[in-house]
Amino acid sequence: MHRKQAREILGVSPLATAAELRLAFREAAKLAHPDRPGGDAERFRLAVEAYRLLNAPKITDSIIQPPATVVRPATVDSRLDITPLLAMNGGVLMHRLASGRRLKITLPEGLRTGDTLRVGDIEFEITVRGEGEMLVRGDDLWLTVPLDPGLLAQGGRVALDTPLGRRVVWVTRKAGERGLVRLVGQGLPARGPHRQGHLFLRLAAQVRTTDSAARTLRRRFAAAWAA
């Protein structure tokens, strides 16, 4: 690849400064990254190659210019997976890069999938993954909770201990039949362009185990003795 081709790939002029070159590379790499919609691995490779070429020291006659400062591309290790609880409340996360470097990242509350977070020279793209019985859909939190089958059938007031804390819920018969309750305004907090979310509780019938192992053994023994 020639320097002219490299400049065309990044869309910079021969007089581009180091800062302009870094910015152009970050934009080109972000658009071409294979993990993004519309990304392409080959375009991403060319953008990295072009940046390295234009960032390399130039040789003019016998004078060798000092190498430019190499900045870690923003797209390296750019995906950051967080739990629904961190998305809701924020907190501190220890993250290890592919190079082995460890970062202590302070997360604000209200992050959503697709949001970006800059830490030093790295821009992370947030992905909120499900955890256990909890997941995030847009601005809303979804949580599956087990309830007594009698309560689901008859309705009533119940206090639930959830990963989000204690919640007092009124379950109507209709909600018990549908298996769903919405708690308005108790989802992810509003942040930037994102609205305040809601909390949806999926109501699952709790499976009861009435017989202990000892009772089961006694019943089997009695049946065998009677035979």
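Values below: every heavy atom of this structure, side chains too, minus hydrogens, waters and symmetry copies.
The CZ atom of Arg182 lies 11.0 Å from the CG atom of Leu199; values are rounded to the nearest 0.5 Å. Taking CG of Leu135 as the reference point, atom CH2 of Trp142 lies at 8.5 Å (rounded to 0.5 Å). Atom CZ of Phe124 sits about 9.0 Å away from atom CG of Leu93, to the nearest 0.5 Å. Going from atom CG of Leu86 over to atom CD of Glu109 covers 12.0 Å, rounded to the nearest 0.5 Å. Atom-to-atom distance recorded for Leu201:CG and Arg167:CZ is 8.5 Å, nearest 0.5 angstrom. Rounding to the nearest 0.5 Å places CZ of Arg191 at 15.0 Å from CE of Met88.
Looking at every heavy atom in both residues, Gln186 comes nearest to Leu141 through O-CD1, 4.4 Å. Summarising the geometry of Pro108 relative to Leu117, their closest heavy-atom pair is CD-CD1, 4.2 Å, with the distance given to 0.1 Å. The minimum heavy-atom distance between Glu123 and Ser78, with the atom names listed, is O-CB, 3.6 Å. Contact detail for Thr144 and Ala204: the closest heavy-atom pair is CG2-CB, 4.2 Å. Ala6 and Leu54 make their closest contact through CB-CG, 3.8 Å (heavy atoms, listed as atom of the first residue, atom of the second, distance). Closest non-hydrogen pair, Val136 versus Pro84, comes out as CG2-CB, 3.8 Å.
Arg112 contributes a side-chain N or O that, together with a main-chain N or O of Gly110, makes up a donor-acceptor pair within less than 3.5 Å. Panel note: side chain Arg157, backbone Val168; no donor-acceptor pair is recorded below 3.5 Å. Remark: the backbone N or O of His198 is paired with a side-chain donor or acceptor of Asp140 at under 3.5 angstrom.
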Side chain to side chain contact (heavy atoms under 4.5 Å, CB included) evaluation trace for Leu80 with Leu107: CA-CA 11 Å; Leu80 186 65; Leu107 302 170; 4.1 Å; yes

Chi angles and distances behind the side chain to side chain contact (heavy atoms under 4.5 Å, CB included) call for Asp148, Val158: CA-CA 10 Å; Asp148 184 273; Val158 61; over 6 Å; no

Verdict with supporting geometry, Arg79 and Glu125, salt bridge (Lys or Arg N to Asp or Glu O under 4.0 Å): CA-CA 5 Å; Arg79 178 176 293 175; Glu125 182 173 343; over 6 Å; no

Residue pair Leu188, His194: steps toward the side chain to side chain contact (heavy atoms under 4.5 Å, CB included) verdict: CA-CA 9 Å; Leu188 295 183; His194 305 298; over 6 Å; no

Residues Glu42, Arg45; criterion salt bridge (Lys or Arg N to Asp or Glu O under 4.0 Å); working and verdict: CA-CA 5 Å; Glu42 179 62 17; Arg45 185 189 66 80; 2.6 Å; yes

Arg129 vs Asp81, salt bridge (Lys or Arg N to Asp or Glu O under 4.0 Å): CA-CA, chis, key distance, verdict: CA-CA 6 Å; Arg129 57 177 171 79; Asp81 292 342; 5.2 Å; no

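The side chain to side chain donor-acceptor pair (under 3.5 Å) check on Arg166 picks up Asp161, with sequence neighbours excluded.
Under the 4.5 Å side-chain heavy-atom criterion for grouping Ile, Leu, Val, Met, Phe, Trp and Tyr, Val145 is connected to Val181 within one hydrophobic cluster. When the side chains of ILVMFWY residues are joined at heavy-atom separations under 4.5 Å, either directly or via intervening members, Phe200 and Leu183 end up in two distinct hydrophobic clusters. The cluster map of Ile, Leu, Val, Met, Phe, Trp and Tyr, joined by side-chain heavy atoms under 4.5 Å apart, puts Ile105 and Ile126 in the same cluster. Linking Ile, Leu, Val, Met, Phe, Trp and Tyr whenever their side-chain heavy atoms come within less than 4.5 Å puts Leu85 and Leu160 in one cluster. Leu180 and Leu152 fall into different hydrophobic clusters, defined by Ile, Leu, Val, Met, Phe, Trp and Tyr side-chain heavy atoms under 4.5 Å apart, directly or through other members.
The aromatic rings of Phe25 and Tyr51 lie parallel to each other, their planes meeting at an angle below 30°, with 60° marking the opposite boundary.
The side-chain heavy atoms of Gln154 and Arg173, taken from C-beta on, include a pair separated by under 4.5 Å.
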